[in-house]
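Comments concern the structure below.
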Amino acid sequence: MFKKILFATSATEACDHAARVAFDMARRYHAHIDVFHVLGVPTRGYSQVVVDLTTGDEVTLDDNYRDLVKEEIRSYYDHQIQTTDDFAITVTIGHPHREILRIARAEKPDIIVMGGSTGASGSYAHKKAATGSTFQRVAKAAHFPVLVINRPAASFWGGFSNVVFATDFSDAADHAFAFAFKLVKELNCEFHLFHALDITCFQTDNFHTQDTIDDQIRNAIAQIRFRYVSKMGDFKPYAMEVWEGIPFVEIVKYAREKQADLIIMAYNTRQTDDPEASIGSVAEQVILRANCPVISINRSVGKE
Amino acid sequence: MPEGTLCNRQPIQTDEALKTLLSDTGGRQYYQEMQSLPVDTPLLWETIQKTCRSRIRTWLSMCARCGMCADSCFLYRINDRDPKQVPAYKIQSTLGEILRRKGRVDNAFMQMAMETAWAKCTCCNRCGLYCPHGIDMGVMFGYLRGLLYQQGFVPWELKIGAGMHRVYHAQMDVTDADFTETFAWMVEENEEDYPGLAVPVDKVGADIMYTVNAREVKHYPEDLAEAAILFHLAGENWTVPSRGWEQTSLAMFAGDWEACKIQVESVYDAMERLKPKRMVGTECGHAHRATVVEGPYWAGRKDGLPPVESIHYVEWLAEALRTGKLKINPEKRIKEPVTLQDSCNYVRNHGLKEITREIMSYIVEPGYFIDMSPNREHNYCCGGGGGFNGIGLYRKQRNKALITKRDQILSTGAKLVIAPCHNCWDAIRDLEEEYRIGIRWSFLKPLILKMVEIPEHLKPEE
Ligand code: SF4
Ligand code: SF4
Ligand code: SF4
C-alpha cells in the first residue's frame, strides 16, 4: 500500500502536523520516505537568482548551499528521522507546486504527503501570482493520491484504522473508492461510505420539498450500493450513510462522529468567477476543518 | 594587470564555466575582478572602425544637444530630471566620448559606461520618437553594450545569460530533451480535460511552428500547456521544433553579438528544416525583437526577414478570435477595470498597437478597458526592459524606474494589468512586490483559457 512516501515540506511549523503523520506512516508501513523541500523561488527577472523561501535571502543554488539546507532539514526532523532508516532528503528550486509535481512524476510515490498551508510560503508577489495554494495545484494535477494535514490531526493516533470515504459520485470518486477500498482491506480498517446531499442548491427552489430530499437520499444510498458496495466482495466491516446539508460541513461532522483517522475523497475543481477565489473544491474545505488527515484523489490517479 | 578568472573578455563557452560563474553568488568576485580589468584599447578602436555604422556616427555628430529628448525618457523624469539622465547626454558621455578619444578610455570610464548602458537606458526607443532628427538612443546603447561586452564590462547575470545561449541555445540551462519532455508532461497533465490534446514535435510543413521562452520550460510549464490547449481548441495544425525552440535572446541584452547570431540561427535552422507556413512566438517582447526584427540582420539575411513569416503571439490570438477559430463566451468576459501594458518591443518598435486592443475588444466587457496614459507607441517602458530586471547590481535603480509604470497603472484605477510580455510581466510583478498597490497581472493565455468556448467535439466525455 505505502511503500514509497513523498513528503513535501516547507520544513517549518506549518508542516509539523504533516511530518508527524508522514513519519508515522513510514515507520508503521516500512515505507521509504522522500523528504522534499523547495528552497527558493526564481526572482530577479530572467536571472538564475532565487529567493530562499525561509530566510528571504537571494541565493544561487550550488552544491554547498544545497548541502547546508539538507543538513538543516535533517536536524529539523532529527527525532522523526531516527525512527526510520529508509529516507532521502532532496532540495531544489522553483515554484513549489511545479517541483512537487515534477519529482512525483519521476519518483512515482504511492502517496504525496503535505501540510495544508505550504502554499503560504514564498515572497509576497509569489503568493499573489499563484492562483491557488500549492496544495490546490498539486491535488489538481498529480497522478498520485495526496494526503494533507492542515490542523493538528487530533484523531490520528498512528496508523489508519477507521476510514471515511466521502463520495460525490464523480469519476474521480470512483478512483478514490478504488484506492480507499484497497487501503481498508490491506490495513484492516473500518470503512464508512458517505455521501453528503447538497441542499444549498435547493434553497431558491420551492418545488423541492422534504419528500424530494428523502427521495434523493434513498437514491444516493442505492448508488453507493451499486457503485461501490457491489465491488467489495465479502468485505464486512463497512457502513454507509447519506446526510443532507452543506457537503463539507457534513463530511467533517460525520468524520468526527465516527472518530475517523482518515478521510478519502475526490478532488474536483469547481469553476468560479471570483478571481480571488482560492477555495475551489469541497476537498479543500474539508481539509481546512477536518481533524484527521485527508487524502484527495483526482480523476487521473491510478491511470498510467 | 591581467584579466580576472571570472571577469574577463572571454565569453562563456562551456557548462563548467557557466557553473563556476554562477556559483559566485551575486557576482561578488566577478565585480571585484572588474575593478582591475584592463581595457584593450586597440581592440576597442579596431572594433569601432569595423562595426560602427555611419548611421550611428551621423547621429552622434548631428545631435544639436537641444534637449528635446529629455522629457521623453522615463528615467530622466523619474530621477528628478537629473541632467545626467538626458538621453543625449547619456550617449554623448559614453559612446560619443569613446569615439572622440579613439577608444583610449580606462577602467573607470568603462565601468561608468556600463552603468549608463544598463542602468540608465532600457533600450525602449521612446526618445527616438521625440527627437526632431529621429536619433534613437536605444539603438546606440545597444551598440555600446556590444563594445562593453567585448571588453568584459557587462553585468554578471548577463554574462551568464549570454553564456547560456552559447552552451544551451537557450537563456537557461534547459536542454532540447527537457523541452520536448516538458511539453509531453503538460499533455499528460491536461489530456483528461482536453481529449486529443497533443504536441506534435518536428512535424514538417505544419501551418505553425511555435517557439517559446526557456523560462516557461524551466519554471512555468503551465504556459506551454496553455499554448498547446489554445492551438488545440483553435484546430491549428502546429508543431514545435525539437531544436531551435528558444525565441528569446539574453545575448541581445548582453551585447554578445556572436551569441545573438548563434541563437537566432538555431531558430532559423528549425524553420528551414520544418518548413512551416508561419512561426508564432510566445508572449514575449524582446524575443520578438530578437527573432523577428533584429535577427535577420544578425544572421546576415539579405531580405531583412526571417526564413518564414514570423508573428507575435498577440497577432495569432487576434486572428484566431477575429476569424472565430477561438470563440469567447461573452458571459465570461472580463468585467472589472483592466489595463494593458504596451510592450515597447512589439508595439513601439513593431507597430502592433491596434492588435492588442482588438484582443481587448473581444475579451473585455465594453466599458471596462482603460488605457494607460500615454499609451500605444508613446507608452513608457515597464521599467525593467533591456535586461534591467535581472541585474542585481542595479536593483535599486530598477526599483526606482518602476515608479513610472506604477503611477501609470494607479491612475487607470485598474486592478488587473494584462502584460503580454515576459519582461513587462516581471517588472509589473516586481512593482507590486515593491510598492504593494494591490494589482494582479497576467499574460493573455490564462485569461483566454478561462473564457474560451470549448467546441462540442473537443469536450471530455461526461
Ligand atoms: S532631441 Fe535629438 S538632437 Fe536634441 S538632444 Fe536629444 S538626441 Fe540630440
Ligand atoms: S531608449 Fe528609452 S530609456 Fe533609453 S534613453 Fe531613450 S527613452 Fe531613455
Ligand atoms: S520590458 Fe516590456 S516595456 Fe520594458 S522595454 Fe521591454 S518590452 Fe518595453
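Chain naming here is simple, since letters A, B, ... match the order of the sequence lines and numbering starts at 1 in each.
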Which residues satisfy the ring-ring contact (aromatic ring centres under 6.0 Å, His included) test with B/Tyr368, sequence neighbours excluded? none
Residues 166-174 of chain B vs chain A, non-hydrogen distance cutoff under 4.5 Å, contacting residues -> B/Gln171, B/Met172, B/Asp173
ring-ring contact (aromatic ring centres under 6.0 Å, His included) with A/His195: which residues, sequence neighbours excluded? A/Phe169
Taking every non-hydrogen atom, the tightest pair across B/Glu189 and A/Leu101: OE2-CD1, 3.5 Å
Straight-line distance of B/Glu188 CD to A/Arg105 CZ, nearest 0.5 Å: 4.0 Å
So which part of A/Arg98 gets closer than 4.5 Å to some heavy atom of chain B, the side chain, the backbone, both or neither? both
Distance, nearest 0.5 Å, that separates CZ of A/Arg44 from CZ of B/Arg395: 6.5 Å
Looking only at heavy atoms, which two atoms of B/Gly390 and A/Ser47 are closest? And how far apart? O-CB, 3.6 Å
A/Ser170 versus chain B, the contacting section by heavy-atom distance below 4.5 Å: neither
Chain A contact via B/Lys218 - which portion, at a heavy-atom distance below 4.5 Å: backbone
Most contacts with chain A, counted as non-hydrogen pairs under 4.5 angstrom, among B/Pro446, B/Gly392, B/Gly161, B/Ser23: B/Gly392
Across all chains, not counting sequence neighbours, the ring-ring contact (aromatic ring centres under 6.0 Å, His included) partners of A/Phe181 are A/Phe177, A/Phe235
Heavy-atom distances under 4.5 Å only: say whether B/Trp185 touches chain A with side chain, backbone, both or neither. both
With rounding to the nearest 0.5 angstrom, report the OH to CD1 distance, A/Tyr46 to B/Ile160. 9.5 Å
Under 4.5 Å heavy-atom distance to chain A, tell me which part of B/Met186 shows up: side chain, backbone, both or neither. side chain
Spacing of CD belonging to B/Glu192 relative to CG belonging to A/Asp171, to within rounding of 0.5 Å: 8.0 Å
Donor + acceptor pair across side chains of B/His219, A/Glu99 (<3.5 Å): no
B/Glu222, B/Lys19, B/His422, B/Met164: which one forms the most heavy-atom pairs within less than 4.5 Å of chain A? B/Glu222
Counting only heavy atoms closer than 4.5 Å, note whether B/Ile391 contacts chain A via side chain, backbone, both or neither. both
